[in-house]
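Predicted model, so just to flag it, every value in this text is computed and none were measured.
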Amino acid sequence: MGETGRRPYPAYADTAIVPAAPADELPPHDMFTAPEQDPYRRLVEDSPVAIVVQVRGRVAYANHAAAHLARVDQRGELLGRELVTMLPPDEQSRGRAWSAGFPARGNWSTSRWSMLRASGERATIEVTAVAVDFLGESAVHMELRDVSEQAAVETGLHESRERFQAVFTRSPLPMGLMEPGGSFAAVNPALCALLGRREEDLLGRELGDIRHPDEAALGGGGLAPQTGPGPRRTEQCYEHRSGGVVWGLLTLTDLWPARDGRFALAQIEDVTATKEAESRLRHQAHHDLLTGLPNRAGVTQRLASLSRTSLTDLTVFVLDLDGFKLVNDARGHDVGDAVLVEVAHRLRAVVRPQDLVARFSGDEFVIVCPGLPTTEESVAVGLLIESALSAPVAIPGDVVTVTVSIGIAHATGALADATDLLRHASVAMYRAKRSGRGRLQVYDEQLHADAESRACTEAALRHAVEDERLTVHYQPIVDLDTGRIVAVESLARLTDCEGQPLPSEQFIAVAEETGLIVPLGGWVLRQACRQMAAWRAETGLPLGLSVNLSPHQVARPDLLVTVLKALDASGLEHGALFLELTESALIEANDSALTQLTALRDLGVGIGIDDFGTGYSSLRYLRQFPATFLKIDRGFVAGITHVPADAAIVGAVAGLARDLSLGCVAEGIETAEQLDALRAMGVRLGQGYLFGRPLPADALTELLRSNRPLF
């Protein structure tokens with residue numbers, strides 16, 4: 001480094017500080033002799049600045065400060081030496097070149113060098129030199145200053161700056177240096193790559209210039225206000241040069257102050273993949289993976305949102321595909337999934353863009369339609385939905401036809417809670433299914449009352465055993481030849497919280513729908529087995545016990561274990577127990593259920609088909625079902641004396657049982673005429689009000705003890 005200029009220096013020729021002879025021809029001590037009256041002597045000799053005069057490349061004069069700088073004992077040790085020999089070897093050639101090219105007389109130059117002191121240590125000196133006349137010769141006057149500490153500081157700053165520059169440039173973390181005004185003063189390659197932009201495209205621009213224009217809609221946040229000395233952090237959405245979205249976690253840290261503010265370091269961590277993953281998770285949390293429709297959570301969220309608006313006139317449809325389980329069981333889940341996807345497609349096509357179509361559960365869909373002003377218009381939409389789903393669904397090599405049960409709940413006026421409509425529509429849908437399926441049902445006040453009654457029944461069922469409101473009654477089954485009791489059928493009875501009996505059809509249906517029929521049926525089985533074991537021990541009669549099984553119980557994999565545990569716990573003989581199954585249980589029985597029923601039959605347990613003849617598939621299933629007896633439905637028995645068709649059916653069932661070596665029981669016998677007709681047809685067992693109503697165990701005990709004929 002060097003700089004040139006002009007400044008005055010002492011005129012050595014006029015001071016008589018040294019003799020006029022050349023420096024290399026004089027003994028060293030003569031260099032420092034001068035007249036006492038020299039006014040500059042003390043000024044130069046005692047100067048704190050090291051002063052050296054170089055003539056013909058060698059030292060001709062050096063003051064005390066120069067000797068101290070060089071760490072020599074006597075300044076005379078410097079005379080006659082080349083200054084370049086005091087430089088490190090690697091700098092000597094540069095020193096000689098500098099000396100040879102020294103500026104013309106009167107011009108001064110400043111340069112920085114490394115010096116090897118006599119002590120062996122290295123020092124950094126700053127040399128200010130000017131060409132002068134010295135005893136009639138051209139010479140160089142030099143002032144030397146020790147700047148080692150300053151140089152060390154500058155070196156440290158330089159190295160620090162280089163390290164920062166290296167980290168800034170090579171860092172994989174996108175960074176930019178922000179000027180006090182907020183614009184980029186520098187950007188690193190990683191930031192350019194993140195945004196797909198060149199360095200010159202970013203320099204001078206502010207953070208706001210690269211933010212995505214749709215950031216608010218995408219959910220980005222503004223920079224948090226400065227509340228402390230630490231960095232500020234926020235997620236922001238930036239626009240890639242291609243127009244794409246880049247999510248960044250911005251950290252803005254204030255650095256050194258400037259005249260009009262502070263420089264800041266902006267670091268932008270790419271969190272696009274994380275944000276996209278979060279978005280996918282949110283979408284998956286609120287959407288069905290198979291159909292792409294909103295799921296239960298999505299529907300709930302939409303209805304909750306509608307409740308917070310001033311929207312009026314809202315209709316909710318709840319749809320359930322009838323018999324969809326049979327599609328899965330008979331044709332496989334791949335076919336079932338294809339049907340669901342097609343149903344979703346048709347539902348989206350039939351509704352308006354503002355309507356919400358969702359898959360609520362397995363084969364249950366929900367449609368939310370705002371702005372339908374009347375129930376009649378809601379029903380019209382329901383009919384369109386029904387029509388859209390009526391066409392067969394084509395699958396490879398076959399077609400599948402589905403029907404749908406639809407519940408409709410319509411509200412006018414402001415909505416207090418839109419989620420209530422979902423519950424109401426579900427109630428209406430279940431009523432539609434119970435009414436025969438494949439139909440529409442609009443929610444009304446009567447359905448509301450029925451729903452409340454059902455809820456009360458469900459509550460009663462859940463606590464029936466511990467509250468001692470569930471009991472077992474028994475109806476006699478008699479020998480139609482002797483009139484004596486040979487067996488009893490166990491029947492569950494339930495009372496409400498006020499002690500009033502609930503209709504069997506009502507609470508059994510609720511138990512079936514809620515799955516409570518399994519624990520209820522198990523309790524009845526265990527209770528009835530214990531009671532029958534007690535009766536047989538007390539009376540000595542070989543009485544039989546008939547217990548009804550629901551389709552839910554039959555479908556369970558632990559059916560065999562449950563029945564055997566009840567028999568073992570009670571001590572009842574296997575041959576004394578008869579299990580009655582409805583035709584629906586028969587149809588839904590899978591291989592596991594048939595295997596377990598066959599095992600029970602082989603162990604001596606009777607297996608019967610209740611209400612035989614009322615369904616279309618009894619005869620087909622009878623070939624593979626391990627039945628030991630049939631029960632003739634009470635509807636046929638009621639018309640046996642005056643409806644020829646009923647009489648023919650009863651006779652056919654009795655003959656079928658006889659030909660297949662099966663037992664046969666007629667139920668619902670209420671008159672002597674019916675009794676006579678059944679006996680004439682060869683039916684040997686029966687039950688009904690003619691012989692006795694279902695009774696509590698205590699009331700029936702005395703009758704069993706007497707063993708008297710009931711007619």
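- The main-chain N or O of Leu383 is never found under 3.5 Å from a side-chain atom of Ser387 such that the two would form a donor-acceptor pair.
- For the pair Leu207 and Met178, the minimum side-chain heavy-atom distance is below 4.5 Å.
- Side-chain atoms of Asp558 do not come within 3.5 Å of backbone N or O of Thr562 as any donor-acceptor pair.
- To the nearest 0.5 Å, the span separating CZ on Phe263 from CG on Leu177 amounts to 6.5 Å.
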Could you please spell out the steps behind the side-chain contact (heavy atoms from CB on, under 4.5 Å) verdict for Val402 and Val400? CA-CA 6 Å; Val402 296; Val400 175; 4.0 Å; yes

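- Side chain to side chain, Ser242 and His240 meet the donor-acceptor criterion of an N or O pair below 3.5 Å.
- Considering every non-hydrogen atom in both Met175 and Leu191, the closest pair reads O-CD2, 3.5 Å.
- The closest donor-acceptor contact from the side chain of Arg493 to the backbone of Thr471 lies at 3.5 Å or more, if one exists at all.
- More than 12 heavy-atom neighbours from other residues, nucleotides or ligands sit within 6.0 angstrom of CZ on Arg352.
- Counting non-hydrogen atoms of neighbouring residues, nucleotides and ligands closer than 6.0 angstrom, the CD atom of Glu200 exceeds 12 such neighbours.
- Applying the side-chain contact (heavy atoms from CB on, under 4.5 Å) test between Leu421 and each of Val316, Leu306, Thr315 identifies Val316 as the sole match.
- In this structure, CD in Gln236 is found 7.5 Å from CD1 in Ile268, a value given to the nearest 0.5 Å.
- Within a 6.0 Å sphere centred on NZ of Lys433, heavy atoms belonging to other residues, nucleotides or ligands number more than 12.
- Looking at Leu549 and Leu559, their side chains come closer than 4.5 Å, going by heavy atoms from C-beta outward.
- Side-chain contact between Leu389 and Val350: absent, with no pair of heavy atoms (C-beta onward) separated by less than 4.5 Å.
- Side-chain contact between Cys192 and Leu202: present, with at least one pair of heavy atoms (C-beta onward) separated by less than 4.5 Å.
- One distance of note links CG of Leu356 with CG of Leu347; it measures 11.0 Å at 0.5 Å rounding.
- The closest donor-acceptor contact from the side chain of Asp320 to the backbone of Ser426 lies at 3.5 Å or more, if one exists at all.
- When only modelled atom types and interatomic distance are considered, Ser405 and Asp322 share a side-chain donor-acceptor pair under 3.5 Å.
- Between the side chain of Thr300 and the backbone N or O of Arg296 there is at least one donor-acceptor pair closer than 3.5 Å.
- Looking at Val381 and Leu372, their side chains come closer than 4.5 Å, going by heavy atoms from C-beta outward.
- Here the side chain of His212 pairs no donor or acceptor atom with the backbone of Val246 at under 3.5 angstrom.
- The environment of OH in Tyr430 is sparse: at most 12 heavy-atom neighbours from other residues, nucleotides or ligands sit within 6.0 Å.
- Under the 4.0 Å criterion applied to side-chain N and carboxylate O atoms, Arg232 and Asp254 are assigned as salt-bridge partners.
- A distance of 9.5 Å separates CZ in Arg282 from NE2 in His286, rounded to the nearest 0.5 Å.
- Although no hydrogens or angles enter the test, the distance criterion places a donor-acceptor pair under 3.5 Å between the side chain of Gln596 and the main chain of Leu560.
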Check step by step if side-chain contact (heavy atoms from CB on, under 4.5 Å) holds for Leu491 and Asn548. CA-CA 8 Å; Leu491 301 166; Asn548 294 284; 3.9 Å; yes

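- Side chain of Arg526 to main chain of Gly522: a donor-acceptor pair is present (N/O by atom type, distance under 3.5 Å, no hydrogens or angles).
- Pairing each heavy atom of Cys369 with each of Phe317, the nearest pair is SG-CE1, 3.8 Å.
- The environment of CD in Glu468 is sparse: at most 12 heavy-atom neighbours from other residues, nucleotides or ligands sit within 6.0 Å.
- Across every non-hydrogen atom of Arg331 and Ile395, the tightest pair is NH1-CD1, 3.9 Å.
- The two residues Val318 and Ala425 come nearest to each other via the heavy atoms CG2-CB, 3.4 Å.
- With Arg233 contributing its side chain and Thr251 its backbone, the two residues share no donor-acceptor pair below 3.5 Å.
- A donor-acceptor pair under 3.5 Å links the side-chain atoms of Arg359 to the main chain of Gly362, judged by distance alone.
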Test side-chain contact (heavy atoms from CB on, under 4.5 Å) on Asp420 and Arg423 and set out the steps. CA-CA 5 Å; Asp420 285 343; Arg423 180 166 50 85; 3.4 Å; yes

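- Counting all heavy atoms, side chain and backbone alike, Phe625 lies closest to Leu597 at CE1-CD1, 3.6 Å.
- Between Leu281 and Gln284, the closest side-chain pair of non-hydrogen atoms falls below 4.5 Å.
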Quick one: do Val393 and Arg346 satisfy side-chain contact (heavy atoms from CB on, under 4.5 Å)? Show the steps, please. CA-CA 10 Å; Val393 178; Arg346 294 184 187 183; 3.9 Å; yes

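- Between Val510 and Leu516, the closest side-chain pair of non-hydrogen atoms is not below 4.5 Å.
- Going from atom NE2 of His345 over to atom OG1 of Thr291 covers 13.0 Å, rounded to the nearest 0.5 Å.
- With values rounded to the nearest 0.5 angstrom, Met429 atom CE is found 12.5 Å from Leu447 atom CG.
- Between Ser183 and Gly204, the closest heavy-atom pair is CB-O, 3.4 Å.
- Side chains of Pro294 and His287 form a contact here, defined as non-hydrogen atoms less than 4.5 Å apart.
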Step-by-step side-chain hydrogen bond (donor to acceptor under 3.5 Å, both in side chains) determination, Thr457 to Gln506: CA-CA 8 Å; Thr457 300; Gln506 177 179 327; 2.8 Å; yes

